[in-house]
Amino acid sequence: MAMKLDNVVPFGRALDEYRQMFCLSGSDLDSGIIGVGDGPASFNAEMFRQGRRVVSVDPLYCFSAAEIARRFDAVVDDIIAQVKATPEDWVWTYHGSPEQLKLNRIRALQFFASDFEAGKSEGRYVLGELPSLAFGDGSFQLALCSHFLFLYSAHFSYDFHRASVLEMLRIASEVRIFPLLTLMRERSPHLEPLIGELESRGFVASVEKVGYELQRGGDEMLRIRRSA
Ligand SMILES: C[S@@+](CC[C@H](N)C(=O)[O-])C[C@H]1O[C@@H](n2cnc3c(N)ncnc32)[C@H](O)[C@@H]1O
């Protein structure tokens, strides 16, 4: 399905945020990683600068970096105003303040934009979307999905979540998803049924506390792997 840029808030996170959201160890970072729904995160670009290769897949990659940056500029102040209007919803231990959050999102976008065209031609940014990904079985060790599944539970059905997670488990040995809250800061209604279904299919799923929290209460990730 073609994505409309007008419907997107292209906010991206940095490598250090990914590290904390997903409890990424040094050996995790050295493994074969795919970021699903990475959008304008600087994770891929920063990893590449460190000599590591990540593949990012997102429907947003049908647009140019300049188009994504224009959309970011059009929405960023409105989003930050919404954040300021709901102070009880946010924890500032990581970013410090809404103003600093804005600067951090600008920095991530600029880093992403500077890497995007070269990374696309190197196959590090790939156009694609859940629930179907054009990669072979077991292509990666780790599939990460930040701020897409569960967060948009009101927009994407349980069946979409189940198909998406099974697809990530097809292409990677382990899947990690963060956060587990919806935009309304409630635990996703899809989480418990999905864990039950994955366990009945022989996967091991665990909800784990992590060291990153911006949405108040959003400090847990889901880890899923095949049972040994
Ligand atoms: C809030 S952004 C998160 C970006 C990045 N993961 C991060 O945490 O910084 C959500 C991303 O999900 C992407 N997305 C939307 N529909 C998708 C789909 N069906 N499959 C994969 N990604 C999708 C959007 O294009 C957007 O880049």
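Values reported hereafter were calculated over all heavy atoms of this structure, with side chains retained and with hydrogens, waters and symmetry mates removed. A quick note: this is a predicted structure, and the numbers were derived from the prediction, not measured. First listed ligand is number 1; within each ligand, the first listed atom is number 1.
Of the protein's heavy atoms, Asp38 O, 3.2 Å lies nearest to atom 5 (C) of ligand 1. Scanning the protein heavy atoms around atom 25 (O) of ligand 1, the nearest turns out to be Asp58 OD1, 2.6 Å. Protein heavy atom at the shortest distance from atom 15 (C) of ligand 1 is Phe148 CE1, 3.6 Å. The protein heavy atom nearest to atom 10 (C) of ligand 1 is His147 O, 3.4 Å. At the shortest separation from atom 19 (N) of ligand 1 among protein heavy atoms lies Leu130 O, 3.0 Å. The single protein non-hydrogen atom nearest to atom 23 (C) of ligand 1 is Pro59 CD, 3.5 Å, given as residue, atom name and distance. For atom 9 (O) of ligand 1, the closest non-hydrogen atom of the protein is Arg13 N, 2.7 Å. Nearest non-hydrogen protein atom to atom 8 (O) of ligand 1 is Ser146 OG, 2.4 Å.
Counting only N and O atoms by type, the side chains of Asp16 and Tyr212 include no donor and acceptor under 3.5 Å apart. Tyr158 and Glu197 are linked by a side-chain donor-acceptor pair at a separation below 3.5 angstrom, with hydrogens and angles left out of the test. Looking at Ser27 and Asp30, their side chains never bring a donor and an acceptor atom within 3.5 Å of each other. Side-chain contact annotation: Asp58 with Tyr125, donor-acceptor N/O pair under 3.5 Å absent. Judged purely by distance below 3.5 Å, without hydrogens or angles, the side chains of Glu17 and His147 never pair a donor atom with an acceptor atom.
Heavy-atom separations between Phe43 and ligand 1 are all 4.0 Å or longer.
Using a 4.0 Å cut-off to heavy atoms of Gly39, the atoms of ligand 1 that qualify are 27 (O). Each of the following atoms of ligand 1 lies closer than 4.0 Å to a heavy atom of Tyr152: 1 (C). The Glu129 neighbourhood of ligand 1 comprises atoms 18 (C), 19 (N), 20 (N), with distances under 4.0 Å to a heavy atom of that residue. Close contacts between ligand 1 and Tyr18 involve ligand atoms 5 (C), 6 (N), 7 (C), 8 (O) [criterion: under 4.0 Å to a heavy atom]. Each of the following atoms of ligand 1 lies closer than 4.0 Å to a heavy atom of Leu60: 25 (O). The atoms of ligand 1 that sit less than 4.0 Å from any heavy atom of Ala41 are 9 (O).
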Point to revise | side chain to side chain contact (heavy atoms under 4.5 Å, CB included) between Leu149 and Ser164, intermediate numbers included | key: CA-CA 8 Å; Leu149 291 174; Ser164 295; 4.0 Å; yes
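When Gly12, Gly37, Gly35 are ranked by how near their heavy atoms come to atom 4 (C) of ligand 1, first place goes to Gly37.
When non-hydrogen atoms are compared, ligand 1 lies under 4.0 Å from neither the backbone nor the side chain of Phe112.
By the neighbour-count criterion of 12 heavy atoms within 6.0 Å, atom CZ of Arg53 is densely surrounded, having more than that number from other residues, nucleotides or ligands.
The cationic group of Arg13 does not satisfy the cation-pi geometry with Phe43, failing either the under 6.0 Å distance to the six-membered ring centre or the 45° limit from the ring axis.
Comment: Glu192 engages Arg187 in a salt bridge, judged by a side-chain N to carboxylate O separation of less than 4.0 angstrom. Ion pairing of Glu88 with Arg216 is absent here, as no side-chain N (NZ or NE/NH1/NH2) approaches a carboxylate O to less than 4.0 Å.
Shown here for Gly35 and Val54, the closest heavy-atom pair between the two residues is N-CG1, 4.4 Å.
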